[in-house]
Amino acid sequence: MPRDYSRSAELFEQAKKIIPGGVNSPVRAFQAVGANPLFITHGEGPLIYDADGNEYIDYVCSWGPLLMGHRHPQVLAALKRCLEETGTSFGAPTELETELAGMIVAAVPSVDMVRLVNSGTEATMSALRLARGYTHRSKIVKFAGCYHGHADFLLIKAGSGALTLGVPTSPGVTAGSAADTIIANYNDLDSLREIFRQEGENIAAVIVEPVAGNMGVVLPAAGFLAGLRQLTEEYESLLIFDEVMTGFRVAYGGAQELYGVTPDLTCFGKIIGGGLPVGAYGGRQQIMEQVAPAGPVYQAGTLSGNPLAVTAGIATLKLLQQPGVYQRLEERSAKLAGWLWEAAGEAGVEVQLNRAGSMSCVFFAPQPVVDYSSACSADPARYAAFFKAMLEQGIYLAPSQFEAAFVSLAHGEQEIERTAEAARFAFRFIKSI
Ligand SMILES: *Cc1c(COP(=O)(O)O)cnc(C)c1O
């Protein structure tokens, strides 16, 4: 008996009438896999439930924040206490903000000071404004396939020409916004060297996902991040690690701990909010003291650092400080990835499996995926078929080939085994079509 998704379909029709595309963020709409989105009623640990009562093992985990799974009892208890005893927002400082900031500073040695905001988008946008204000330069470099939120000047793709000046990826982004964004190839230091040779004196910052997680998962090649560090230092540009996804995920200290490369500024989001809206950007004191009101670079937020969101973040980071947490996460993720790899091999389906700790991606691609153009060689139609076959068996993957799958600490042996079993069937099915 195929699963019934009819209630979700009904809810989607209603939503589409009054919310653009029926969703509040585009990838939720399942367009990339040619299906209707599921409307979720609740979550519990590694599981989510849809409006038709179907149960799923969740590998989206709110697109990354829920490293402890859904409704972790300690996070819930902290939130309840905050609601009952504190309140949701004052627009005045609270001790809780200093506590979360202190936890971030203690976890990430490159961060002396940190400013809390409400989303990853705000964090990257503000960090880049700060980099420009600090260096008195206007241009920034980003890599094709990296996502840093939806600020105008970051919704830019490579144009034609040797020094690929950016062009807007969305209507509404002006040529003016695009003019100061230069696009480089991920894992390609030569292309970056050439960019710096021509424009180095004008480049305020290079922003990078130290493990790229928004074109599927793409790992930094050996020496790539160190090369970025060296080149930016040489030209006195700032290096910004966008660790909105990787921060507190690939290691407690983020990708910079894992790869041993120290950026000037770091952006956070997702996990530091424990499922509530929080972002942050931080770095060396000398740079951060340029932020208002300590310095002249303006940045503000009505709900920034509000006690409710900050409480969820603190509770989550406390859980992540327990010994063995990252090892457990690594073991489970490695086991799952190993089984998926085996299952694809047994079925004779060609895949590339990229993984950094608990973030991974199965690319239906013939060649190793190391940058945006090799990611684009993956076959979205095959992924869509895989996605649907997994969904039908109660496994909820990201509804796009170009997203990461997240294992949380709530995913136990049993969930991993059930997922591998479902994948064996799904890969055989792919092979047969
Ligand atoms: C999710 C993400 C963002 C954007 O964060 P939002 O909270 O969605 O605005 C920025 N950078 C990276 C690397 C991300 O994964």
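Atoms within a ligand are numbered from 1 in the order they appear, just like the ligands themselves.
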Using a threshold of 4.0 angstrom between heavy atoms of the protein and any atom of ligand 1, which residues qualify?
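Contacting ligand 1 under 4.0 Å are Ser119, Gly120, Thr121, Tyr147, His148, Gly149, Glu209, Asn214, Asp242, Val244, Met245, Lys270.
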Please check if the distance between the ring centroids of Tyr147 and Phe402 is under 6.0 Å.
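Ring-ring flag for Tyr147/Phe402: false, centres at least 6.0 Å apart.
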Short side-chain to backbone donor-acceptor contact, Thr169 and Leu155, under 3.5 Å
yes
Run the salt-bridge test on [X] and [Y] with the 4.0 Å N-O cut-off and return the result as yes or no.
X: Glu122; Y: Arg115; result: no
X: Asp264; Y: Arg229; result: yes
X: Glu331; Y: Lys335; result: no

Just by distance, with hydrogens left out, do Asp50 and Tyr56 show a side-chain donor and acceptor under 3.5 Å apart?
yes
